[in-house]
Asks: 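Shown below is the structure under consideration.
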Amino acid sequence: MEMLTIGAFANACRLSPKALRLYDELELLRPARVDPETGYRYYAVAQLEQARLVAWLRRLGMPLARIRRVCALDDASAAQEIRSYWARVEAETAGRRELVAFLVNHLSYTPRKDTAMLELRYSALSDTGLVRPANQDTAHAGARVLAVADGFGTNGAPASTAAVEALKSLDGEPLPGGSVLNLLEDAVRGAARAVQDAAPGKDDGTTLTAMVWTGSQLGLVHIGDSRAYLLRDGELFRITHDHTMVQSMIDEGRLTPEEAVAHPQRALLLKALTGGADSVVPDLRLCEALPGDRYLLCSDGLSTVVADEELRRLLGSAPAPDAAVRSLVEAAIDAGGPDNVSCVVADVVEADGGRRLG
């Protein structure tokens with residue numbers, strides 16, 4: 001068996017001698033032979049492939065404990081483990097990117113120069129659909145909080161209800177724009193605890209997409225694949241990013257949006273509030289409100305069966321939020337209603353003493 005000194009082996013596999021000694025101590029990459037008198041380490045040429053794999057995985061930032069698991073697997077299983085690890089890294093990176101955008105927006109925000117007072121007019125509607133035996137969605141529209149949650153698992157309904165109830169406490173008090181980041185973080189922590197109490201099973205949980213009104217801005221919290229849209233000047237913009245395996249594959253260029261529609265794992269979530277989850281980092285965004293803006297929050301029971309162009313048409317043609325939510329739910333039902341469908345529509349208007357239509 002051809003042997004290499006630790007120095008020659010380190011040079012060949014791009015791992016330093018110091019790293020090789022550490023991996024020996026951790027039983028991750030043991031030398032083929034250790035000189036009993038000098039303690040000098042020798043490695044077999046056949047070990048180079050594994051050493052290079054370790055070096056590559058370290059460059060990815062993979063923890064040593066997970067590298068040990070990968071190295072113990074056959075090639076196909078190792079590839080799947082690496083793919084799974086990287087999908088999680090990308091999901092976490094996307095969450096940090098959203099947080100960076102939130103902070104830049106938050107710190108760069110300049111209040112509107114005009115003194116017009118703004119308020120929300122809003123309506124919410126939820127329907128079981130034509131296929132599901134029960135409704136696990138929860139939708140809420142209040143003076144300051146708009147929210148949609150889509151529960152899953154045996155206790156999906158209690159989970160979605162608990163998440164939304166945890167936010168509803170913000171409905172009755174003024175929310176200064178300067179503290180909205182802390183308020184959103186606290187709200188998500190409270191929602192996570194409420195879901196764990198209501199649905200302790202690791203396979204039970206809920207998505208959560210919510211907006212909190214400060215009087216001039218809307219702070220957005222998003223976890224999962226429910227969605228938020230903005231209709232402004234006749235154009236529809238999606239302002240959330242799905243936390244799904246399929247969306248991550250689209251982001252990586254491995255799947256087209258058209259292929260995603262029929263993908264068997266299109267509903268597989270990478271991020272949600274669950275009974276067994278560790279802390280989840282939500283997407284956060286701050287949206288400046290303009291008179292005439294119309295916001296839509298919805299569960300995937302709407303967005304997966306009604307195309308964006310049809311959403312734009314329905315939102316643009318409805319005279320008020322109550323009419324809008326009715327037409328949106330009816331469109332999902334007409335499309336077969338394969339899932340629970342919930343939506344919240346809110347209009348930003350100049351204050352005239354009114355609050356809610358519908």
Asks: Within the 3.5 Å criterion, strictly below it, is a donor on S160 or T206 matched to an acceptor on the partner's side chain?
Replies: no
Asks: For a 4.5 angstrom cut-off between non-hydrogen side-chain atoms, does R21 reach P17?
Replies: yes
Asks: Salt bridge check: are D171 and R144 linked by an N-O gap of less than 4.0 Å?
Replies: no
Asks: Are any of the side-chain nitrogens in R189 or D186 under 4.0 Å away from the carboxylate oxygens of its partner?
Replies: yes
Asks: Spell out, as yes or no, whether a donor-acceptor pair under 3.5 Å connects the side chain of R285 to the backbone of I239.
Replies: yes
Asks: Under a 3.5 Å cutoff, is there a donor and acceptor pairing between the side chains of R41 and Y43?
Replies: no
Asks: Between the side chains of R83 and Q80, is a donor N or O closer than 3.5 angstrom to an acceptor N or O?
Replies: yes
Asks: I want to check something: taking the side chain as every heavy atom from C-beta on, are F9 and P31 in contact at a cut-off of under 4.5 Å?
Replies: no
Asks: May I have the step-by-step check of side chain to side chain contact (heavy atoms under 4.5 Å, CB included) for N340 and D127, ending in yes or no?
Replies: CA-CA 6 Å; N340 306 148; D127 192 277; over 6 Å; no
Asks: Taking only Lys NZ, Arg NE, NH1 and NH2, and the carboxylate oxygens of Asp or Glu, determine whether R52 and E49 approach each other closer than 4.0 Å.
Replies: no
Asks: Is any side-chain heavy atom of L236 closer than 4.5 Å to one of L315?
Replies: yes
Asks: Roughly how far, to the nearest 0.5 Å, is the CG atom of L146 from the OG1 atom of T209?
Replies: 11.5 Å
Asks: Decide, yes or no, whether a salt bridge links R68 with E27 under the criterion of side-chain N to carboxylate O below 4.0 Å.
Replies: no
Asks: Is the number of heavy atoms from other residues, nucleotides or ligands under 6.0 Å of D75 CG greater than 12?
Replies: no
Asks: Got L125 and R326 here, is their nearest side-chain heavy-atom distance under 4.5 Å?
Replies: yes
Asks: Using a strict threshold of under 4.0 Å (side-chain N to carboxylate O), is an ion pair present between D197 and R193?
Replies: no
Asks: Under 3.5 Å, is there a donor on one side chain and an acceptor on the other for T304 and D339?
Replies: no
Asks: Is there a donor-acceptor contact under 3.5 Å linking the side chains of D137 and S299?
Replies: yes
